[in-house]
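Step one of this worksheet: look at the structure below.
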Number of protein chains: 2
Amino acid sequence: MSTPEPLLILTTDDLLAERWQALAPTVIRAREIEALDTWRKARHRLVVVDLGTHPAGAPPMWTEPAWRHNAAGLAILAASSRPEDDEGLAVLNAGASGYCHSHAPLDTLRQALEVIDSGELWVGRALLSRLLRLVDTRLPRAGLADWAAPLTEREREVAHHAAVGESNLAIADALGITERTVKAHLKAVFEKLQVADRLQLALRVHGVR
Amino acid sequence: MSTPEPLLILTTDDLLAERWQALAPTVIRAREIEALDTWRKARHRLVVVDLGTHPAGAPPMWTEPAWRHNAAGLAILAASSRPEDDEGLAVLNAGASGYCHSHAPLDTLRQALEVIDSGELWVGRALLSRLLRLVDTRLPRAGLADWAAPLTEREREVAHHAAVGESNLAIADALGITERTVKAHLKAVFEKLQVADRLQLALRVHGVR
DNA sequence: ACGCACCTTGTCCTTGTGGACAATAGCGGC
DNA sequence: GCCGCTATTGTCCACAAGGACAAGGTGCGT
């Protein structure tokens, strides 16, 4: 059930550290942000960070420059003992892969770790459903179909995958077709959108000019 | 790895149905929305619904009255072959517990099922990160200083040129150096920013994820 | 003087990409 | 039935990209 990946626990709270020991077969405990950098250099990626124990008066650790720098490339599950929605949004936007309650059931935490270890994001249902409600009322409903207008359904799919950086082979696997077919679709996409390559396509799709 | 829970597959697509057979030890196949009601009455809750095969012209199934009625109490993973963000939001707001791509890797689908089976919500990282960006109003994207922080002056220049789609040779000419040197700078950039190639670099530079 | 960070360039090699020829098959409209 | 659009896949090829070895030069602080 648990991931075989080693886990770094970043907290100054001894009780939390003890509780989280059960989260993975190999668990390392640290107290300083710098440990993130060491962790990444050791070619690990899985981290649980306790947001609750920053010294009174000091700014939240994830707003410090060292945070974003050290967080790059890691899969970080941020845990707070007072899960305020805004804090969750802030820390996710600061590069964390997940946000949950410090005292959530261990099974839930394990699941969250598995999810972020596989490259996805984890947001608990409370914050997530609030997000959904928020966005539903403020969506511009606008030009998603703009760049996609002249494209066929299949071309749209391929273009979308290519625009987020996937290789032709990855796209082929994702869509259950051959790499050659992906090329054929992309060729059509490039021509219809008047772009030279996938990078220009990505810029177009993401609204950069 | 798979949940022991029985799984209902709702699709008219034979290929998808066959592919999804591996998702759970017990899998039932259905083609009609009414199957949801039967499923709940049998005291099951786990469902994968293919959104991609509604008959042309007909409204999406999750907007039908029968949907919301039958979906109550079930944990539904909606899968679409054309993952448009708006569709995802719509179906989640209509009562689904998850939204993903029809041809996502089976491991990802299994994970999504486990998550929604445990009462949480599942949203793929593409849609989720877009949600986060949409909602995030206060942090003004921080622009240049952010991604460029760990880079040297020269690396910044090269990165900027590469991020707008210029080839290595074009960058070399623009900066009056050799193509080889451009490669050297880009190699450093990729490493410092933890990205694999220039497309990922472009997305980072332009504030997409 | 020494270390260190930065800028610069070299060659070899593997891989991904995109274009240039193709072909087959389904499906809807005329 | 024929035509056109779409989806699919094939081979061959030229080239850009990025990694893996390198190494020589500058300026700066200790």
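Reminder, nothing fancy here: chain letters follow the sequence lines and each chain counts from 1. The basis for the numbers below is simple: all heavy atoms, side chains too, and nothing from hydrogens, waters or symmetry mates.
The distance from atom CZ of Phe190(B) to atom C1' of dA20(D) is 16 Å, rounded to the nearest whole Å. In this structure, the CD1 atom of Ile171(B) is 15 Å from the P atom of dC7(C), given to the nearest Å. Leu199(A) has its CG atom 12 Å from the C1' atom of dA17(D), to the nearest Å. Atom NE2 in His161(B) sits roughly 14 Å away from atom P in dA17(D) (whole-Å rounding). For the pair Leu186(A) CG and dG16(C) P, the interatomic distance rounds to 15 Å; values are reported in whole Å. As rounded to whole Å, 9 Å separates atom P of dC7(C) from atom CD of Glu157(B). The separation between Lys187(B) atom NZ and dA16(D) atom C1' is 17 Å, rounded to whole Å. Rounded to an integer number of Å, the gap from CG of Asp197(A) to C1' of dG18(D) is 16 Å.
Phosphate contact (OP1/OP2 of dA17(D), side-chain N/O of Arg198(B), threshold under 4.0 Å): present. Distances shorter than 4.0 Å separate some side-chain N or O of Asn168(B) from OP1 or OP2 on dA17(D).
Contact annotation for Lys183(A): base contact, defined as any heavy-atom pair under 4.0 Å involving a base atom. If you check every strand for non-hydrogen atoms under 4.0 Å, Ala184(B) touches a base.
Environment of CD in Glu18(B): sparse, with no more than 12 heavy atoms of neighbouring residues, nucleotides or ligands closer than 6.0 Å.
Of the candidates Asp117(B), Val49(B), Leu109(B), Val47(B), Leu77(B) forms a side-chain contact (heavy atoms from CB on, under 4.5 Å) with just one, namely Leu109(B).
Separating the CD1 atom in Ile9(A) from the CG atom in Leu16(A) is a distance of 9.0 Å, to the nearest 0.5 Å. Rounded to the nearest 0.5 angstrom, Leu7(A) CG and Trp20(A) CH2 are separated by 9.0 Å.
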Distances for protein N/O vs nucleotides 3-7 of chain D N/O pairs under 3.5 angstrom?
{"residue": "dA7(D)", "atom": "OP1", "partner": "Thr152(A)", "partner atom": "OG1", "Å": "3.2"}
{"residue": "dA7(D)", "atom": "OP1", "partner": "Arg154(A)", "partner atom": "N", "Å": "3.3"}
{"residue": "dA7(D)", "atom": "OP2", "partner": "Thr152(A)", "partner atom": "OG1", "Å": "2.8"}

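Taking the six-membered ring wherever Trp is involved, the centroid distance between the rings of His101(B) and His160(A) does not fall below 6.0 Å.
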**OP:** Could you give me the CA-CA distance, side-chain angles and deciding distance for Leu186(B) and Leu201(B), then say whether side-chain contact (heavy atoms from CB on, under 4.5 Å) is met?
**Re:** CA-CA 10 Å; Leu186(B) 275 182; Leu201(B) 170 65; 4.3 Å; yes

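The base of dT11(C) lies close enough to the side chain of Arg180(B) for a donor and an acceptor atom to sit less than 3.5 Å apart.
Side-chain proximity of Ser167(B) to dA20(C), dA17(D), dT9(D): nearest is dA17(D).
Residues Val189(B) and Val158(B) have side chains not in contact (no heavy-atom distance under 4.5 Å, counting atoms from C-beta outward).
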